[in-house]
Amino acid sequence: MPDKMRNVIIIGSGCSGLTAAIYAARANLSPLVIDGHEPGGQLAITTLVENFPGFPDGVQGPELIENMRKQALRFGAEFLAGHVVTVDLSQKRPDGSKKPIEIKLGRETLLARTLIIASGASARWLGLANEQALIGHGVSSCATCDGFFFSGKEIAVIGGGDSAMEEALFLSRFATKVTIIHRRGAFRASKIMLERARQHQQIKFLTDTVVDDVFDVSKKEVTGLRLRNLKTGEQWDLPVSAMFLGIGHTPNAQFVGEQLARDGDGYLIPDGYVGSRAPGVFISGDVADRHYRQAVTAAGTGCMAALEAEKYLEEIGK
Ligand code: NAP
């Protein structure tokens, strides 16, 4: 276990954290990347990625992320499996003297001059028995990533917020029919998005309805959903080729507490592009992005965070 003070510690080994690691390692800063509870981030659990530039035939998400990891390792980045419990970004002791940034993983405390928080956001799932086994085989939380694979098919979108409406509208370009399934009769979605979805011919709504199960693990593809009307208790099966979750994301920033600016849903709010109010602390990727959430945008801000960390270290003479 490395115990020395680090120039750069990166929390998160998804697309953003690994891009930051590649840049920081190539700048001879020997970054340490903490894997967190979802090593590789969301790319590690997707299948074909067709919109990452440079891959005309697409690339498997796990392969893309593994290549980024190898690239970071090649330039000297180190990796540590662990779960960050808290961080202390104050950098000041009670007597006013300067101290490093502290990153606490259980009983261990790591010290750093700069910290890049690239801990991502986790899609919320329904928690169905067969759901996780079908991720990448018809169960998805990213319409932009996976919608194209369901051209000419009937699909379901779960949720009643703007994400669900946006996903349904996007998916209606490919699918012959999109059914929005929402557990209530009232919607959180903004009026304009809801109306747009309502007026779309291919989009249908099922309200007061929940998903009890998704089939068919034995075929390694989604063939349908078991639904239940919450008012009548009636259960029935809806044949679909995909289930897209639009029930929100949870940013993985709990360990920051109130030390950095966060919005009402817990997303970090960067100062400028990737800065923060704590000196030497930079923010990148989906932990601060509720809007774009793309691999390429996460990589972009990871690069920016590493360049800012490098600049900061130069400024403090390290
Ligand atoms: P959201 O507004 O929190 O909506 C989540 C939806 O999922 C709600 O309808 C909720 O149902 C449902 N849901 C949550 N957990 C569920 C569960 N376990 N089972 C079934 N349904 C469940 O999240 P969001 O749609 O991701 O939006 C988050 C924020 O981003 C919002 O401020 C939104 O306006 C913004 N956003 C904006 C755009 C845009 O403007 N283009 C696009 C996407 C997101 P209940 O209503 O019953 O709680």
Side-chain angles (χ1 to χ4, degrees), residues 14 36-38 40-47 61 120-147 149-150 153-172 174-175 177-189 193-194 197 203-254 265-267 286-287 290 293:
H37 66 288
E38 287 172 357
Q42 296 190 59
L43 276 182
I45 55 164
T46 61
T47 49
S122 302
R124 292 193 201 129
W125 304 99
L126 290 173
L128 307 172
N130 295 319
E131 191 177 32
Q132 295 294 313
L134 287 168
I135 291 173
H137 303 280
V139 171
S140 171
S141 61
C142 179
T144 325
C145 319
D146 299 328
F149 302 120
F150 301 98
K153 303 273 166 70
E154 296 196 3
I155 59 193
V157 171
I158 320 300
D162 279 335
S163 289
M165 300 309 130
E166 195 173 57
E167 292 209 344
L169 286 161
F170 179 80
L171 291 165
S172 66
F174 311 103
K177 183 179 169 191
V178 179
T179 306
I180 295 177
I181 299 166
H182 181 36
R183 63 185 177 186
R184 294 191 298 140
F187 288 83
R188 275 179 209 276
M193 299 280 282
L194 182 59
I203 300 178
K204 307 289 170 209
F205 284 80
L206 279 175
T207 52
D208 301 304
T209 301
V210 291
V211 184
D212 279 341
D213 207 352
V214 51
F215 317 117
D216 183 340
V217 171
S218 66
K219 291 189 179 145
K220 273 199 145 192
E221 64 177 6
V222 170
T223 57
L225 308 179
R226 166 92 19 109
L227 303 180
R228 181 165 43 94
N229 184 295
L230 287 176
K231 288 197 163 154
T232 63
E234 182 200 354
Q235 259 197 341
W236 75 104
D237 291 349
L238 178 75
V240 286
S241 301
M243 172 174 82
F244 284 84
L245 282 304
I247 61 172
H249 282 72
T250 306
N252 303 317
Q254 297 82 342
D265 293 323
Y267 284 89
D286 286 10
V287 72
R290 61 159 71 246
R293 297 180 186 141

Side chains of [X] and [Y], heavy atoms from C-beta outward: is any pair under 4.5 Å?
| X | Y | result |
| --- | --- | --- |
| Leu225 | Asp237 | no |
| Phe244 | Ile155 | yes |
| Asn229 | Leu206 | no |

Task: Contacts of Arg184 that satisfy salt bridge (Lys or Arg N to Asp or Glu O under 4.0 Å) - sequence neighbours left out - done: none
Task: With Asp212 via side-chain hydrogen bond (donor to acceptor under 3.5 Å, both in side chains) - residues at least two apart - done: Arg228, Gln235
- [ ] Quick one: list whatever passes side-chain hydrogen bond (donor to acceptor under 3.5 Å, both in side chains) with Ser241, sequence neighbours left out.
- [x] none
For [Y], does its backbone N or O pair with a side-chain atom of [X] as donor and acceptor, under 3.5 Å?
| X | Y | value |
| --- | --- | --- |
| Glu131 | Val139 | no |
| Glu166 | Ser163 | no |
| Arg183 | Val210 | no |
| Gln42 | Ala121 | yes |

Task: Aromatic ring proximity His182/Phe187, centre distance under 6.0 Å - done: yes
Task: Side-chain donor-acceptor pair present, Ser122, Glu38, cut-off under 3.5 Å - done: yes
Open item on the list: Between Asp208 and Lys231, does any NZ, NE, NH1 or NH2 come within less than 4.0 Å of an OD or OE carboxylate oxygen?
Closed with: yes
